[in-house]
Amino acid sequence: MKTSQQQHCCRSTLVQTIDAPLPLVWSILRRFDYPQAYKPFVKTCHLSSGDGREGSVREVTVVSGLPAGYSIERLDELDDESHVMAISIIGGDHRLVNYRSKTAAFVAAEEEEEKTVVVESYVVDVPKGNSVEETTSFADTIVGFNLKSLAKLSENMVFNRKL
């Protein structure tokens, strides 16, 4: 995990290795219209504009107990060939102001085609009254849980196919 500060912003990169093939992991990850498949803090999601391709906007409601109720997010990039997507949070009642993330998925290594590595990097403003460390810790926790949940879902799907 790398962290840095730049004009009251913080950024970080998290990595998750998943024991599942890239096509399976990407099929879950790329679903801008259905993040609740693997994001445990998402309660509901609906597209307010677009059809799930670049430029689409979604409204997400989060589960109770978090310091937020909803988020409005835009899909800035979706590249099915390179397995890259970028998302910006453009509104909501939370402290992730000017949050932008880029997520990439790729085969772990030639000899390990059944493993996928997912890398998610983000940059976000540090809210007034919060430190870089607090903001990074909060965002890293959310992103980390999401990546672990993606791994668990993908690995369970592989396991269930083998039964």
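FYI, side chains are in, hydrogens and waters are out, and symmetry mates aren't considered; it's all heavy atoms of this structure.
Glu120 places no side-chain N or O within donor-acceptor distance of the main-chain N or O of Thr103, the cut-off being under 3.5 Å. Ser27 contributes a side-chain N or O that, together with a main-chain N or O of Leu24, makes up a donor-acceptor pair within less than 3.5 Å. The backbone N or O of Tyr38 sits less than 3.5 Å from a side-chain atom of Ser149, completing a donor-acceptor pair. A donor-acceptor pair under 3.5 Å is formed between the side chain of Ser154 and the backbone N or O of Leu150. Within the 3.5 Å criterion, the main-chain N or O of Val126 finds no donor-acceptor partner in the side chain of Asn130. Judged purely by atom type and a 3.5 angstrom limit, Thr141 uses its side chain to pair as donor or acceptor with the backbone of Ser137. No donor-acceptor pair under 3.5 Å is formed between the side chain of Asp79 and the backbone N or O of Val84.
The aromatic rings of Tyr99 and Tyr122 sit parallel to each other, their planes meeting at less than 30°, with 60° as the upper class boundary.
Tyr70 and Val42 sit in two unconnected hydrophobic clusters of ILVMFWY residues. Membership requires side-chain heavy atoms under 4.5 Å apart, directly or through other members. Put simply, Val63 and Leu96 are part of the same group of oily side chains (I, L, V, M, F, W, Y) that touch within less than 4.5 Å, one to the next. By the rule that hydrophobic residues join a cluster once side-chain heavy atoms approach within less than 4.5 Å of another member, Ile87 and Leu47 end up as members of one cluster.
To the nearest 0.5 Å, the span separating OG1 on Thr136 from CZ on Arg11 amounts to 10.5 Å. Atom NZ in Lys152 sits 15.0 Å away from atom CG in Leu147 (nearest 0.5 Å). Ile90 contributes atom CD1, which lies 9.0 Å from atom CD of Glu59 (distance to the nearest 0.5 angstrom). A distance of 6.5 Å separates CD in Glu54 from CG in Leu75, rounded to the nearest 0.5 Å. We find the CG-CG distance between Asp80 and Leu78 to be 5.0 Å, quoted to the nearest 0.5 Å.
Shortest non-hydrogen contact noted between Cys9 and Asp125 is SG-OD1, 3.4 Å. Shortest non-hydrogen contact noted between Pro127 and Arg95 is CG-O, 3.5 Å. Taking all atoms of both residues into account, the shortest heavy-atom contact from Asp140 to Ser12 is OD1-OG, 3.0 Å. Asp33 approaches Pro35 most closely through the heavy-atom pair C-CD, 3.6 Å. For the residue pair Leu29 and Ala105, the shortest heavy atom distance occurs at CD2-CB, 4.3 Å. Contact between Thr17 and Glu155 at its shortest, heavy atoms only, is O-OE2, 4.3 Å.
A side-chain N or O of Ser88 and one of Asp76 form a donor-acceptor pair less than 3.5 Å apart.
Taking the salt bridge (Lys or Arg N to Asp or Glu O under 4.0 Å) definition, one finds that Asp19 meets it with Lys115, sequence neighbours left out. Not counting sequence neighbours, the partners of Ile142 by the side chain to side chain contact (heavy atoms under 4.5 Å, CB included) test are Phe41, Phe138, Asn146.
If you run side-chain contact (heavy atoms from CB on, under 4.5 Å) between Val25 and each of Ile18, Val158, Leu153, only Ile18 comes through.
Contact annotation: the side chain of Val62 never approaches that of His94 to less than 4.5 Å [non-hydrogen atoms, C-beta and beyond]. Using a 4.5 Å heavy-atom threshold, the side chains of Cys10 and Val124 count as touching.
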Begin from the C-alpha positions of Tyr34 and Arg58 and carry the test side-chain contact (heavy atoms from CB on, under 4.5 Å) through to its verdict.
CA-CA 10 Å; Tyr34 194 62; Arg58 68 184 178 195; over 6 Å; no
Check the pair Trp26 / Thr116 against side-chain contact (heavy atoms from CB on, under 4.5 Å), numbers first and verdict last.
CA-CA 9 Å; Trp26 182 246; Thr116 302; over 6 Å; no
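Contacts classified as side-chain hydrogen bond (donor to acceptor under 3.5 Å, both in side chains) and involving residues 39-51 (residues at least two apart or in different chains) are given here: Thr44-Thr61, Asp51-Arg53.
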